[in-house]
Amino acid sequence: MRRFRDTDEVDYCIVGVGSAGGVLLQRLSRAGFQVVGIEAGPFWDTERDWVSDEKGSHQLYWTDLRITGGEHPLSLGENNSGKGVGGGSVHWAAFAPRFHPSDFRVYTEDGVGADWPISYDDLKPYYELLEREIPIAGPAYFPWGDPHGYPYGPHPMGGVGNSLIRGCTKLGIRVSAGGPVAILSGSRGDRPHCIYRGFCIQGCKVGAKASTLITHVPNALESGGEVRDCSMASRIELGPDRRVKGVHYFDREGREHFQKAKAVIVSGYAIETPRLLLNSACPGFSAGLANSSGTLGRYLMAQAGNVILGRFDHLVRLYKAPPAHAMTEEFYETDPKRGFARGFAIQTVGPLPIAFAKQMMVAKGAWGWGMRRVMMDYNHWSSIAVLGEILPWADNRVELASETDQFGIPVAKVTFNLHDNDKKLIEFGKNKVMEVMWAAGAEDVVQEDRYAHLVGASRMGSDPETSVVDRFGRTHDIANLFVCDGSVLPTQGSANPGLTIQALAARTADYLISQGDRIFNSNSRDMTPPPVRYNLSPPGTFWKGMPRMT
Ligand SMILES: Cc1cc2nc3c(=O)[nH]c(=O)nc-3n(C[C@H](O)[C@H](O)[C@H](O)COP(=O)(O)OP(=O)(O)OC[C@H]3O[C@@H](n4cnc5c(N)ncnc54)[C@H](O)[C@@H]3O)c2cc1C
Ligand code: SF4
């Protein structure tokens, strides 16, 4: 790997080499820019560091101190973000649906939330491209949103998928079997196909599940990019000319450094991105860097993720397949008859024993001998989840706490409250999934309240007074400071966000590439959409033929 010195003024310094950061690093390096990715966690060696064991995989998560509060506090820690190269894409379950066209104009269609400054059509070429690069396995025809098919065929069904399909079929609900999921259903290059043993959110030692660690970062290094791992960014430096000069960070020994850069891109996740910008407050930006709007940290969103567990007389073996392998988006769009705006998806989940025990403790009050009995019954349970759209609210936010981390950096305080529309949506979604579980033949059904997938808190928009970044991820306030990760999402739909985050990263990269040196030398904003650069895909992307692209 190429190594830059701190004193080298690189073109781009990316903070966070996760889902978005990995794609950005690959694109910008391949286009010939000098790029350093500063990553708080380790550069994983999948052979040495990963284990097919639930407890042994907790190191993949960001478990550093974060403070949670509000009326409906989010549980932080292992249910949020990753720490290490690949970020959350290392431990994601890998469901990879696209957002629907309606997600980009929620305010116009439903009078709630916000409109995006881009449309579905702006992102569609990048969805198609990333579905090839990752690649995604799924049905030949996925009927919801903008109907489309997938480049790799669907996976066979596990026991949980069979319960979802049985229940939905009985109730006349259309269901997608075998994807869309970022897991190989056939081998590709040096990546083997899935062997269906269910350790996907433990990192997939096999390499069948996609993460930017294996899909994009290798090509970034081949193209001259650097990943500086175990390096925690603490502050972005602003110069007197209102342009950023680089990033302060702590290395693995706790020594402080400053990486000089012509431009900075923050890709740290919906909590750590606003945290870093708030911690970078300075004269002129006393409320946080790029926060003249006062919206930095606000409009944080999580999706409702209630898990419904059903016991069946027959063996289900919920570990015996990727947790993500069947879903329906039949309830995704607003239906005025339901009495709330927006909707939800229904998806398979496959908790391993520790997660299952926690769910049973909450859902059934299992403890002591009761817990032992339930655990001995593990193979008879199935689990299906709601994935519901919670709207963006200003009071759901990331602020700085008075507590500090191991480097002395103030940690994030997250406040989360459900509003009326959210509560109605969750109640309806939860009952619908219970109905599906009963229809599938369950003899006992219980549920656990849960949230998933944090996004928002540095949202994109056209109006600098109500958003942090413009439609290409450039902060409204500072011409050479960008944000590119899940934090820029103005709304979140009820599709899992990972594919959209990576598609946005590829689009931001195309914009930066088309702007060339202008980003480094000028404060003027050229808002011309960039051409889609298919030639920057990692090698091997088009092995199975050219995608359906014009
Ligand atoms: C259990 C679980 C299952 C999931 N399943 C799915 C799924 O099936 N489908 C889906 O689409 N999504 C899923 N997600 C969500 C998905 O993983 C995230 O939405 C996505 O990874 C977020 O991407 P990001 O680029 O915003 O941040 P991340 O991928 O989290 O990347 C941020 C990176 O920045 C680094 N970083 C942060 N702050 C600093 C700093 N100050 N200095 C240096 N580095 C820093 C972090 O270490 C991290 O590597 C799941 C999440 C969880 C927890
Ligand atoms: S089920 Fe497939 S994708 Fe999941 S960990 Fe096993 S091999 Fe990897």
Side-chain angles (χ1 to χ4, degrees), residues 14-24 37-42 50 52 60-62 64 77-97 155 158 180-185 192-213 228-236 247-250 266-273 275-276 279 303 305 319-325 327 347 349-350 355 387 405 407 409 412 452-455 458 483-489 492 495-502 504-505:
I14 301 172
V15 178
V17 186
S19 293
V23 173
L24 274 173
I38 303 275
E39 168 53 50
W50 291 2
S52 295
L60 303 180
Y61 295 103
W62 188 291
D64 296 12
E78 71 209 49
N79 190 36
N80 303 115
S81 54
K83 186 175 185 181
V85 179
S89 71
V90 161
H91 62 62
W92 69 336
F95 262 130
H155 288 271
V181 66
I183 295 176
L184 290 177
S185 53
H193 61 75
C194 178
I195 54 171
Y196 306 109
R197 87 264 202 274
F199 285 99
C200 311
I201 63 176
Q202 282 66 40
C204 186
K205 199 175 170 80
V206 172
K209 189 191 76 169
S211 67
T212 56
L213 175 72
R228 210 165 293 160
D229 69 337
C230 298
S231 298
M232 175 70 186
S234 55
R235 195 162 56 85
I236 298 167
V247 177
H248 294 272
Y249 70 96
F250 292 92
V266 188
S267 301
Y269 186 66
I271 297 180
E272 297 305 316
T273 287
R275 177 190 174 199
L276 177 61
N279 272 322
Q303 285 169 322
Y319 64 91
K320 198 79 193 83
H325 67 279
M327 62 148 71
Q347 302 185 336
V349 281
L387 196 69
D405 67 7
F407 302 104
I409 311 168
H453 308 150
L454 270 63
V455 294
S458 315
V483 177
C484 181
D485 58 15
S487 73
V488 304
L489 270 53
Q492 59 177 347
N496 319 58
L499 178 70
T500 298
I501 291 170
Q502 294 190 36
L504 281 170

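These figures come from a predicted structure and were not determined experimentally. In this chain, residues are counted from 1 in sequence order. As a basis for the values below, the full set of heavy atoms in this structure was taken, side chains included, without hydrogen atoms, waters or symmetry mates. Order of appearance sets the numbers: ligands from 1, and atoms from 1 within every ligand.
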_Within the structure, is a non-hydrogen atom of Ala96 found at a distance of less than 4.0 Å from ligand 1?_
no

*Which residue owns the protein heavy atom closest to atom 35 (C) of ligand 1, what's the atom, and how far is it?*
Glu39 OE1, 3.4 Å

_Test item, Val15 contacting ligand 1 (heavy atom, 4.0 angstrom)_ = yes

*When only distance counts, is Ala270 in polar contact with ligand 1, meaning an N/O pair under 3.5 Å?*
no

*For Trp50, does its backbone N or O pair with a side-chain atom of Gln202 as donor and acceptor, under 3.5 Å?*
no

*Of the choices Gly87, Ser19, Pro42, which has the non-hydrogen atom that lies closest to atom 20 (C) of ligand 1?*
Ser19

_Any N or O of Gly88 closer than 3.5 Å to N or O of ligand 1_ = yes

*Without swapping roles, check the side chain of Ser458 against the backbone of Val488 for a donor-acceptor pair under 3.5 Å.*
no

_Any atom of ligand 1 sitting under 4.0 Å from a heavy atom of Trp62?_
yes

*Nearest protein heavy atom to atom 22 (C) of ligand 1, by residue and atom, and its distance?*
Ile501 CD1, 3.7 Å

_Give me the residue, atom name and distance of the protein heavy atom closest to atom 9 (N) of ligand 1._
Phe95 O, 2.8 Å

*Does Trp92 use its side chain to pair, donor to acceptor, with the backbone of Ala210 at less than 3.5 Å?*
yes

*Might you work through the side chain to side chain contact (heavy atoms under 4.5 Å, CB included) test for Ile271 and Ser81, ending with a clear yes or no?*
CA-CA 9 Å; Ile271 297 180; Ser81 54; 5.9 Å; no

*State, with a plain yes or no, whether a side-chain heavy atom of Thr212 is found less than 4.5 Å away from one of Val23.*
yes

*To the nearest 0.1 Å, how far is atom 53 (C) of ligand 1 from its closest protein heavy atom, and which atom is that?*
Asn80 O, 2.9 Å

*Roughly how far, to the nearest 0.5 Å, is CG of Asn496 from CD1 of Ile501?*
10.0 Å

*Give the residue and atom name of whichever protein heavy atom lies nearest to atom 42 (N) of ligand 1, and the separation in Å to one decimal.*
Ala233 N, 2.9 Å

*With a 4.0 Å cut-off on heavy atoms, is Gly22 touching ligand 1?*
no

*Give a yes or no on whether atom 13 (C) of ligand 1 lies under 4.0 Å from any heavy atom of the protein.*
yes

_Within-4.5 Å side-chain heavy-atom neighbours: Phe95 and Leu387_ = no

*Identify the protein heavy atom lying closest to atom 11 (O) of ligand 1, giving its residue, its atom name and the separation to 0.1 Å.*
Gly498 N, 2.6 Å

*Looking only at heavy atoms of Gly21, does any of them come nearer than 4.0 Å to an atom of ligand 1?*
no

*asked:* So for Ala324, does at least one of its heavy atoms come nearer than 4.0 angstrom to any atom of ligand 1?
replied: no

*Can you tell which part of Ala94 has a heavy atom less than 4.0 Å from ligand 1: side chain, backbone, both or neither?*
backbone

_Within residues 81-96 or reaching into it, pairs that qualify as salt bridge (charged side-chain N to carboxylate O under 4.0 Å, His left out) - sequence neighbours excluded_ = Asp64-Lys83

*Nearest heavy atom to atom 38 (N) of ligand 1 wins, so pick from His91, Glu272, Lys209, Gln303.*
Glu272

*asked:* Counting only nitrogen or oxygen atoms and a 3.5 angstrom limit, does Leu276 reach ligand 1?
replied: no

*Rounded to the nearest 0.5 Å, what separation is found between the CD atom of Glu272 and the CE atom of Met232?*
5.5 Å

*Report, as yes or no, whether the 6.0 Å neighbourhood of atom NE2 on His248 holds more than 12 heavy atoms from other residues, nucleotides or ligands.*
yes

*Work out how many protein N, O or S atoms lie closer to atom 4 (Fe) of ligand 2 than 2.8 Å.*
1

_With a 4.5 Å cut-off on side-chain heavy atoms, are Pro180 and Met327 touching?_
yes

_Closest to atom 32 (C) of ligand 1 among Ser267, Pro180, Ser81 (heavy-atom distance)_ = Ser267

*Just heavy atoms, cut-off under 4.0 Å: does Ala452 contact ligand 1 by side chain, backbone, both, or neither?*
neither

*Using the ring of each side chain (for Trp, its six-membered ring), is His155 parallel, tilted or perpendicular to Tyr196, with breaks at 30° and 60°?*
perpendicular

*Examine Gly486 against ligand 1 and note whether any of their N/O atoms are separated by less than 3.5 Å.*
yes

*Exercise: identify the closest heavy-atom pair between Lys209 and Cys204*: N-SG, 3.5 Å

_Nearest-neighbour protein heavy atom for atom 45 (C) of ligand 1, which is reported as residue plus atom name and distance_ = Ala40 CB, 3.8 Å

*What residue and atom, counting heavy atoms only, is the protein's closest point to atom 31 (O) of ligand 1, and at what distance?*
Gly18 CA, 3.3 Å

_Has Glu39 got a side-chain atom pairing as donor or acceptor with Val17's backbone, closer than 3.5 angstrom?_
yes

